[in-house]
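These notes concern the structure reproduced below.
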There are 2 protein chains.
Amino acid sequence: MIRCKHCSEISFIQKSGFQRGKQRFLCQSCNKYFTEEYEDDSAIKPRKKGITIYDIAKELGVSISTVSRALNDSNEININTKNAILKIAQDLKYQANSLALNLAKSQTKLIGLVIPELSHVFFPSIIMGAQEYLNKYRYNLIIMQSDEVYANELLNIKTLLDTRVDGLLISLTKETNNFDHIQNAIDSGVPVVLFNRITEQIECNKIVVDDYQAAFNAVEHLITNGYKKIAHLSGPQNLDLCQKRLKGYLDALKKHNLPIQDEYILFGDLTDNQAKIFAKYLLDLPNPPDSVFAINDPSAIEIYKYAKEKKMKLPEQLGIVGFSDDPISEYLEPSLTTIKQPTREMGHEIASMILDQIKTSNPIFQTKILNAELVIRNSSIK
Amino acid sequence: MIRCKHCSEISFIQKSGFQRGKQRFLCQSCNKYFTEEYEDDSAIKPRKKGITIYDIAKELGVSISTVSRALNDSNEININTKNAILKIAQDLKYQANSLALNLAKSQTKLIGLVIPELSHVFFPSIIMGAQEYLNKYRYNLIIMQSDEVYANELLNIKTLLDTRVDGLLISLTKETNNFDHIQNAIDSGVPVVLFNRITEQIECNKIVVDDYQAAFNAVEHLITNGYKKIAHLSGPQNLDLCQKRLKGYLDALKKHNLPIQDEYILFGDLTDNQAKIFAKYLLDLPNPPDSVFAINDPSAIEIYKYAKEKKMKLPEQLGIVGFSDDPISEYLEPSLTTIKQPTREMGHEIASMILDQIKTSNPIFQTKILNAELVIRNSSIK
DNA sequence: AAAACTACCGGAATCGCTTCCGGAAAGGCT
DNA sequence: AGCCTTTCCGGAAGCGATTCCGGTAGTTTT
């Protein structure tokens, strides 16, 4: 039985559909409108209503500003009032509504993270480091993957900006040549830290591993172990880290007066498939290399595969060094010499950098370079 | 030069410190207070102020309710007005402030995910699946790790609840015996989906892999390949999945009339370290097993290690089957037979389930069981 | 004892949006 | 023509905090 909310009469006229889940009526007695809910399966079940600062204020007979001050440990409040409020807040199990807080303070305590992929251990490990640090400061991470696709990177950053993250941690895709989206984010006032996959073209805080030095060490290690014809499986040259690793490779050869052979240097796209093709090409060369420095471990694995297929003796006939210290590398036969990057530390660093930048009005941009470690196993020692 | 904001006089008295970054003055001419900002290095740089529905409303001379209706594609608005508003919104590059939106609608479009760890491929892969689905519906994921520690799980869920996620996706730690925190979340009205590591003790939506059947198949596979003395490296029995896998193992033995030997069944804690101890114990038994069904691949790897140390012939002297299809399994020698779980699908499922539950007021709880696939490689075939 | 501070608090505006409520104008039906 | 509806819109009340502004009462200074 529906009755008018104003005069309680039951004669009224049903009007057209109103808002979702409501029906509108015009009472014929008092000539006023009123609405009535009707069944709506799609109705969203409301979250239990929590208690607010109003409840606390009422309980103690103070104003909400005072409650707010107590909760925020302001110095403009009497210690007794504060304690009283805090006690009641605890008794009532008050839990600040972060939605309201976010709006009022215009912050989300959310950091956006954009990475090319999540499937290898590298990025998850960085994530763990970053989370460890961020959680201490009550920040959370939203992780998005670009799958190495530029368009996704664009979309991810847009999404993250839409959700108003307080900062952005970005590792670029291998495709990214245009950096307007990054610059736009920075211009709109969002703190940005670039890591691992960075670019010279944007001025902001950056963190990388010392790819040059790591590559140099890896190649020199091969040389000191008697390898002379060292090939290099490189990656896309728009990636800063590929350039750096290539340079490390070249400089190591130069230092030891080894010839640089163009046919030994291949530029892949970081996919296993292309690595497989290159592996075949290299080992089938009339004058094949006696060792390979691969841009990453998955590529190195493809070398293993084809070398084994060819029944080559590892590491005697072919020395191999990878990059990134994938867990697999330890279990390969022979176990793979590779470069271990300080992922957890990098996670910490990017987290601390973005937090610093968030609370600093005019940050001084810097590029931090972390050292990587050559993990010597059996694939590079005759 | 500071002047009174009311009478523009310059005679005033500086009062005590006021709010952060402000100084307070009492004007001696008009006897009124006014505040002035002072330098504060810790001042947070404000995000560029975006344009709001007010700007659009002003531009067109309509009310903000109308603008809101246009933006929300309400049916209570004239098509022309709507288009006009939409056009201006586009021209002005209007971007809704999600903070305000969240508060008004009391939702965050955020889903919390709590998992024991991120280091293996299993969970990252699920995450990828879930994200794929959620992003389509403009939801985002906040990922938190419990590191298999109950206290962390508690904390993670609390944090997630504090940030008012719209739903919770949880995979329990191996320690979790008390489920009050889960029940509390549910009681407070937050949709919860349990997956992978579930419990019978909570009524809610759940998704698991058919652990029983997978284990049964794995063990039967060993049997049909001539193995007779099959050991099982199990895990903590408070984990549902460990129980299921154990039962699958037992039933397969029973079906084929093989004796069940207690000394062949070991209950570990899922750490590599304990697996290593068990591996040693098993293979050094006076009457050692001729094969092992391990609860997961890392445990299986420990078996490999010790077996190789003992110079045992794999798979002739010892058959091994793992669980979870870690990428490493393919590269082990011999390659490891294991069980591949539909992780990506599971990701989709948990995402779709939580979204369904979010928009349904009174959900009917169900438990979805996904099939796992036995990947037969060389470690289990003599 | 007057003057000048300090400590502390309440009221109200604000953040930017959704949505309820009420109603004017136009259209439809006898 | 008169009555009912429908269409479409504006005003205003939230959402739940923060924070600005103003002021009172008590304390210190002179």
Side-chain angles (χ1 to χ4, degrees), chain A residues 5-6 13-22 24-28 31-35 37 49-57 60-72 74-82 85 94-107 164, chain B residues 5-6 13-22 24-26 28 31-35 37 46 49-57 60-72 74-82 85 94-107 164:
Chain A
K5 301 247 172 101
H6 307 289
I13 302 150
Q14 184 161 350
K15 310 281 288 195
S16 67
F18 201 45
Q19 311 282 97
R20 247 169 60 104
K22 299 258 171 176
R24 197 188 206 200
F25 301 91
L26 178 57
C27 178
Q28 289 189 301
N31 198 34
K32 293 198 167 192
Y33 287 94
F34 68 94
T35 57
E37 293 192 20
K49 217 170 135 61
I51 65 145
T52 72
I53 53 169
Y54 287 88
D55 300 321
I56 301 179
L60 241 136
V62 297
S63 75
I64 57 160
S65 3
T66 304
V67 176
S68 173
R69 277 188 276 254
L71 263 16
N72 289 293
S74 157
N75 57 345
E76 284 190 65
I77 189 172
N78 184 289
I79 181 78
N80 298 318
T81 342
K82 175 158 82 181
I85 290 172
Y94 168 75
Q95 176 57 59
N97 183 325
S98 62
L99 269 44
L101 227 139
N102 288 346
L103 177 59
K105 302 225 261 193
S106 199
Q107 55 156 29
R164 306 248 156 180
Chain B
K5 301 249 172 100
H6 307 287
I13 301 150
Q14 184 162 351
K15 312 279 291 194
S16 68
F18 203 46
Q19 311 282 97
R20 249 170 58 105
K22 298 258 172 176
R24 194 187 208 203
F25 300 92
L26 176 57
Q28 288 190 302
N31 199 35
K32 292 198 168 194
Y33 288 92
F34 68 94
T35 58
E37 293 192 20
K49 216 170 136 63
I51 67 145
T52 72
I53 52 169
Y54 286 88
D55 300 322
I56 301 180
L60 242 135
V62 297
S63 76
I64 57 160
S65 5
T66 304
V67 176
S68 173
R69 277 187 276 253
L71 263 17
N72 289 295
S74 157
N75 56 345
E76 285 190 65
I77 189 173
N78 184 289
I79 182 78
N80 296 319
T81 345
K82 176 158 83 180
I85 290 173
Y94 169 76
Q95 175 57 60
N97 183 327
S98 63
L99 270 45
L101 225 140
N102 287 347
L103 177 59
K105 302 226 261 190
S106 200
Q107 56 156 31
R164 307 246 156 181

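Here the structure is a predicted model, which means the values were calculated and not measured.
Per the geometry, CG belonging to A/Leu103 stands 4 Å off C1' belonging to C/dC15, to the nearest Å. Atom CD in A/Glu76 sits about 18 Å away from atom P in C/dC5, given to the nearest Å. For the pair A/Asn97 CG and D/dG16 P, the interatomic distance rounds to 6 Å; values are reported in whole Å. Summarising the geometry, the separation between CG on B/Asp55 and C1' on C/dC17 is reported as 13 Å, rounded to the nearest angstrom. Between the CD1 atom of B/Ile85 and the P atom of C/dC17 there is a distance of 13 Å, rounded to whole Å. Rounding to whole angstrom units, CZ of residue A/Arg69 and P of D/dG16 are separated by 21 Å. Nucleotide C/dC9 holds its P atom 11 Å from the CG atom of A/Leu60, rounded to whole Å. What separates CG of B/Asn102 from P of D/dA17 is a distance of 15 Å, to the nearest Å.
OP1 or OP2 of C/dC17 lies within a sub-4.0 Å distance of a side-chain N or O belonging to B/Tyr94. Proximity of A/Thr66 to the phosphate of C/dG10: a side-chain N or O atom is located under 4.0 Å from OP1 or OP2. Look at B/Thr52 and you won't find any side-chain N or O under 4.0 angstrom from OP1 or OP2 of C/dG16. For the OP1/OP2 pair of C/dC8 and a distance below 4.0 Å, the side-chain nitrogens and oxygens of A/Asn78 include at least one atom meeting the criterion.
For B/Asp55, there are no side-chain hydrogen bond (donor to acceptor under 3.5 Å, both in side chains) partners two or more places apart in sequence or in a different chain. For A/Ile77, the side-chain contact (heavy atoms from CB on, under 4.5 Å) partners are A/Thr66, A/Arg69, A/Ala70, A/Thr81, A/Lys82, A/Ile85, not counting sequence neighbours. Taking the side-chain hydrogen bond (donor to acceptor under 3.5 Å, both in side chains) definition, one finds that B/Ser68 meets it with B/Asn72, sequence neighbours left out. Among residues two or more places apart in sequence or in another chain, the side-chain hydrogen bond (donor to acceptor under 3.5 Å, both in side chains) test is passed with A/Ser65 by A/Ser63.
Among D/dT18, D/dG11, C/dT18, the nucleotide with an atom closest to any side-chain atom of A/Leu101 is D/dT18. Considering only side-chain atoms of A/Asn72, the nucleotide from C/dC17, D/dT18, C/dG10 that sits closest is D/dT18.
Both B/Ala96 and A/Gly61 sit near DNA chain C, but only A/Gly61 has its closest nucleotide nearer the 5' end.
Tested against A/Val67 for a side-chain contact (heavy atoms from CB on, under 4.5 Å), the candidates A/Ile53, A/Leu60, A/Thr52 yield a single pass: A/Ile53.
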Distances for protein N or O near nucleotides 12-14 of chain C N or O, under 3.5 Å:
none

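Residue B/Thr81 is in sugar-phosphate contact alone, with no base atom involved, counting any heavy-atom pair closer than 4.0 Å across all strands shown. Among the protein residues, B/Ser68 comes within range of the nucleic acid bases, having at least one heavy atom under 4.0 Å from a base atom. Across all strands, A/Ile77 comes closer than 4.0 Å only to sugar-phosphate atoms, never to a base (heavy-atom distances).
Of all the heavy atoms in A/Gln95 and B/Arg164, the pair that sits closest is O-NH2, 3.7 Å. The minimum heavy-atom distance linking B/Tyr94 with B/Leu71 is given by the pair CE2-CD2, 3.6 Å.
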Report all side-chain donor-acceptor pairs from residues 97-104 of chain B shorter than 3.5 Å, counting only partners two or more places apart or in another chain.
residue  : atom : partner  : partner atom : Å
B/Asn97  : OD1  : B/Leu99  : N            : 2.7
B/Asn97  : OD1  : B/Ala100 : N            : 3.3
B/Ser98  : OG   : A/Asp162 : O            : 3.0
B/Asn102 : ND2  : B/Ser98  : O            : 3.2

